[in-house]
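Data block below; observations after.
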Amino acid sequence: MLLRRRAQAPKSYSKVTYVSDGESYDSDCDDTRCQKCGSGDFPSKLLLCDKCDKGYHLFCLRPILVSVPKRSWYCPSCSKIKRPESFPLVQTKIVDFFRIQRNPESTEELSQDSLKKRRRPSGIAMSKKKRKLLPYIPTEDPQRRLEQMASLATALNASRTKFSNELTYRSGMAPRSANCATLEKGGMQVLSKEDTETLNLCKKMMERGECPPLIVVFDSNEGFTVQADRGIRDLTIITEYVGDVDYLEKREYDDGDSMMTLLSAANPSKSLVICPDKRSNIARFISGINNHSREGKKKQNLKCVRFNVNGECRVLLIANRDIRKGERLYYDYNGYEHEYPTEHFV
């Protein structure tokens, strides 16, 4: 439903793209072959290691690379990739990392009272127009919640990213005043008052240390991925996609692979993107489907939707069906514009 803008892989041409000390240059080298598949096809997507000069297709690497890195790159053998160091399972460290509010009030009362108001009738299926968004239900066990948050802290530390659960507006980037939902080309759906209250409830729960029932795991094929740590109901708000907000025209050639469309304005110079490379939350680690295969499409259990929330654009990840405990979370990185190359996703 929505485009998650990521830097595109280079367009095809008949030369190999070399990357060395942050600079790309071309060279004729017809005998360069991928160390994984043994093929010399798709030369524009062959990446050479800055240490051993061996070639690898971007899409043969695990996890895959979407675009040629701007900085020096080393192959799996030369980089000696290790599993990321786990964040300490120490309550005080987790509280400080996520800036959890040390509040004597019971978070359980906040959650339970609000959840009672949001319970969905169990009778005949309601029409989709009248279905409301649901808040996530945190795991009851405090120790398990610490483990969930430690898994996210591990992923954020490994990617050198600070935790943030809000859109951030930095000096030299797009100001908050630029985030105006009325500029959206074709208009943007408005989040209802009741659903806005549900979103705010989810935010407050996270501030108090009641995180979504999710755990981040490291997969050698996919990198960091997110899976449900308890059953999640259809139409549950999973998280908001957050990060630094900037103008798209300033980021079109950025090599970041996680930029998300925030505002698609009729005037392209006013279009905005979310850049989660410096500040982000668990949304950054949720995987995309291979929308070129039937099996890939079957994996999708989330939808990515942009809403007008009190006049500003916001991006929410919402369950589009019931999700079982242990199931990995996936959504479609490509919406109406098939700009992100997912054909090699596992």
To the nearest 0.5 Å, tell me how far Lys45 NZ sits from Leu47 CG. 13.0 Å
Going by atom types alone, do Glu184 and Ser264 pair a side-chain donor with an acceptor below 3.5 Å? no
Other residues, nucleotides, ligands: >12 heavy atoms within 6.0 Å of Lys325 NZ: no
Would a 4.5 Å heavy-atom cut-off, applied to side chains only, mark Met260 and Arg306 as touching? no
Of all the heavy-atom pairs spanning Ser77 and Tyr56, show the shortest one and how long it is. OG-OH, 4.4 Å
Before we go on, tell me: are the rings of Phe163 and Phe97 under 6.0 Å apart, centre to centre? no
Checking side-chain polar atoms at under 3.5 Å, does Asp219 have a donor or acceptor matched by the opposite partner on Thr225? no
With respect to Val226, which candidate in Thr239, Leu302, Ile282 satisfies the side chain to side chain contact (heavy atoms under 4.5 Å, CB included) definition? Ile282
Taking everything shown except Glu207 itself, do over 12 heavy atoms lie less than 6.0 Å from its CD? yes
Please tell me if the side chains of Gln227 and Val217 come closer than 4.5 Å, counting only heavy atoms from C-beta onward. yes
Checking side-chain polar atoms at under 3.5 Å, does Asp141 have a donor or acceptor matched by the opposite partner on Thr139? no
Side-chain donor-acceptor pair under 3.5 Å between Arg284 and Thr161, yes or no? yes
With distance as the sole criterion, is a donor-acceptor pair present between the side chains of Asp332 and Gln300 under 3.5 Å? no
Only one of Arg230, Lys299, Arg321 forms a salt bridge (Lys or Arg N to Asp or Glu O under 4.0 Å) with Glu327, so which one is it? Arg321
Does Ser269 form a side chain to side chain contact (heavy atoms under 4.5 Å, CB included) with Glu249? I'd like the steps, not just the answer. CA-CA 6 Å; Ser269 67; Glu249 63 181 8; 3.7 Å; yes
A quick test of your reading: do over 12 heavy atoms of other residues, nucleotides or ligands sit less than 6.0 Å from NZ of Lys203? yes
So CD1 of Ile318 and CG of Asn301: to nearest 0.5 Å the spacing works out to 13.0 Å
Taking atom types as modelled, is there a side-chain donor on Tyr169 or Asn179 under 3.5 Å from an acceptor on the other? yes
Are Arg131 and Asp234 within salt-bridge range, i.e. N to O under 4.0 Å? yes
4.5 Å side-chain heavy-atom contact, Cys60 and Phe42: no
Calculate, to the nearest 0.5 Å, the distance between atoms CD1 and OG1 belonging to Ile274 and Thr168 respectively. 9.5 Å
